[in-house]
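All values below come from the heavy atoms of this structure, side chains included, with hydrogens, waters and symmetry mates left out. Order of the sequence lines sets the chain letters (A, B, ...), proteins ahead of strands, with each chain counted from 1. Just so it is clear, the model here is predicted, and its values are computed rather than measured.
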Number of protein chains: 2
Amino acid sequence: MVKAVQQRTLKTRAKLLDAAQAVISESGYEAMRVEEVVLRAGVAKGTFFAHFKDKDALMDQLIGAEIDRYLDGIEALPAPKTISEMSEAMMPLITFMTCERYVFDVILRHSGAAANADIGPIAMTFGRHAEVVTKWLWDQPFRKDIPAELQAEGVQAFMVQAISLMFCSLHNSIAPHERLETYLTAWLMPAT
Amino acid sequence: MVKAVQQRTLKTRAKLLDAAQAVISESGYEAMRVEEVVLRAGVAKGTFFAHFKDKDALMDQLIGAEIDRYLDGIEALPAPKTISEMSEAMMPLITFMTCERYVFDVILRHSGAAANADIGPIAMTFGRHAEVVTKWLWDQPFRKDIPAELQAEGVQAFMVQAISLMFCSLHNSIAPHERLETYLTAWLMPAT
DNA sequence: CATCTAAATTGACCGTGGTCAATATTGGAG
DNA sequence: CTCCAATATTGACCACGGTCAATTTAGATG
């Protein structure tokens, strides 16, 4: 017989998530230490790893949840009619993704999928983001020679590229917003 | 007076690099342990960190050197005349970049520039790669509405995207070569 | 209620990257 | 050659993520 999940399991997990969120609110993602989290949650270190495969898995969950919140905001917006509007709509999400170098690294690591083949929260948000962009492109005056899904993949590729260059000392003179617009214009409205 | 770099400094660094390369040849990049390297080099652990800021800096150097070797090969090639040829020309490099998930992660982390603002070997190779691609695009029958430099940036963005999806369980059914061709065709030869 | 098993929790322990005050070595100046 | 200061090396030590055998607890069953 398979026993149901015990009550305390949910409680402990919630305590861990709350503690982690508290630490992050105070000191940022990079500063989060597993020891600090279990201390605040009032559990042993081993318990942490009984609930999360590793520290990265917790980050995946927390950052994924945050991205989802931004996607909620993006989805509530009307479909952008211009490249500029599209870029602007994506900026709050991009701002979060770049709040810390560490956060961006975690996102990149999980954006495809974990090496171990199962899709985590962040990977899910990339799927969702592609869907949102695809919907945007449905009835817009952009290029029609390639499917909207492919266009959306390109939008993601350029979003990542624009963010990467934000952290690059050679290229951080241009505003991210402008760079993204340049990319998206060239990608979505080619003038050949 | 500034004293010149001592002889032993060069010797020790060479010993460390050789030892690291040997470990990697035997067991791969991810399996490399600093302790193993200093053991083989016959120096103390502290010496390692006197020569390299951290383990990542050594990886940056070794992987950057390897990428440079592939770029040498790419530069020796005649400029590709079709998307297919271009994709093919980039495949050896891509194959190396994806030889280990860990290697790709290191490359991504360093592709822009280190957080601490100085450009490392891998970041340099990305600059060089962009130059090579820009030269390729100079006299090709691709789009002319945007500068070659911007096209080259896009080629890099799509290369990274194609590689990322190779590690993604949802998308690894399509051959990388084909995916990259699809991206590059849509990017370099829009048919609007 | 007492019993029993699967599930959850514990914390001592480990592996490995990284630090730093103490020590040893180099190589130029006198 | 001797002296000396700049430079390189050392290794004990720390930080922190992660493991696992032992222990405790939940909650179903009779």
How about B:Phe96 and B:Tyr70: are their ring centroids closer than 6.0 Å?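 Close enough - the centres of the two rings lie under 6.0 Å apart.
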Does a nitrogen or oxygen in the side chain of B:Thr12 sit under 4.0 Å from OP1 or OP2 of D:dA8?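 No, outside the criterion.
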Under 3.5 Å donor-acceptor pairs involving side-chain atoms of residues 119-130 of chain A, not counting sequence neighbours:
unit_1   : atom_1 : unit_2   : atom_2 : d
A:Thr125 : OG1    : A:Ile122 : O      : 2.6
A:Arg128 : NH1    : A:Asp68  : O      : 3.3
A:Arg128 : NH1    : A:Asp68  : OD1    : 2.5
A:Arg128 : NH1    : A:Asp72  : OD1    : 3.4
A:Arg128 : NH2    : A:Asp72  : OD1    : 2.7
A:Arg128 : NH2    : A:Glu75  : OE1    : 2.9
A:His129 : ND1    : A:Gln156 : NE2    : 3.1

Please determine whether any donor N or O and acceptor N or O are separated by less than 3.5 Å between the side chain of A:Lys55 and the base of D:dG18.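 When only heavy-atom distances are counted, A:Lys55 does not reach the base of D:dG18 through any donor-acceptor pair under 3.5 Å.
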Just list the side-chain donor-acceptor pairs under 3.5 Å for residues 32-41 of chain B, sequence neighbours left out, or say none.
unit_1  : atom_1 : unit_2  : atom_2 : d
B:Arg33 : NH1    : B:Glu30 : O      : 3.3
B:Glu35 : OE2    : B:Lys45 : NZ     : 3.4
B:Glu36 : OE2    : B:Arg40 : NE     : 2.8
B:Glu36 : OE2    : B:Arg40 : NH2    : 3.2
B:Arg40 : NH1    : B:Glu26 : OE2    : 3.0
B:Arg40 : NH2    : B:Glu26 : OE1    : 2.9

Check the distance between [N]'s [atom2] and [X]'s [atom1] and give it to me in whole angstrom.
| X | N | atom1 | atom2 | answer |
| --- | --- | --- | --- | --- |
| B:Glu35 | C:dG17 | CD | P | 7 Å |
| A:Leu16 | D:dG17 | CG | C1' | 15 Å |
| B:Leu39 | D:dT9 | CG | C1' | 16 Å |
| A:Lys45 | C:dA12 | NZ | C1' | 11 Å |
| A:Phe49 | C:dA12 | CZ | P | 16 Å |
| B:Met32 | C:dG15 | CE | C1' | 16 Å |
| B:Gln7 | C:dG28 | CD | P | 10 Å |
| A:Glu30 | D:dA15 | CD | P | 18 Å |

Between A:Asp56 and B:Arg8, who's closer to the 5' end of DNA chain D by nearest nucleotide?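 The residue closer to the strand's 5' end, by nearest nucleotide, is B:Arg8.
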What nucleic acid atoms does B:Thr9 come within less than 4.0 Å of, heavy atoms only: base, sugar-phosphate, or nothing?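 Sugar-phosphate: the residue B:Thr9, judged by heavy atoms under 4.0 Å, touches backbone atoms but no base.
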Looking only at the side chain of [X] (C-beta and beyond, no hydrogens), which of the listed nucleotides [options] gets closest?
| X | options | result |
| --- | --- | --- |
| A:Thr47 | D:dG17, C:dT10, C:dT16 | C:dT10 |
| A:Asp54 | D:dG17, D:dG18, C:dT9 | D:dG18 |
| B:His51 | D:dT9, C:dG27, D:dG27 | D:dT9 |
| A:Gln6 | D:dG17, C:dT10, C:dA8 | C:dA8 |

Atom OG1 of B:Thr12 and atom CD of B:Gln7: how far apart are they, to the nearest 0.5 Å?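 The CD atom of B:Gln7 is 11.0 Å from OG1 of B:Thr12, to the nearest 0.5 Å.
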Return yes when atom CD of B:Glu85 has more than 12 non-hydrogen atoms of other residues, nucleotides or ligands closer than 6.0 Å, and no otherwise.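 Yes.
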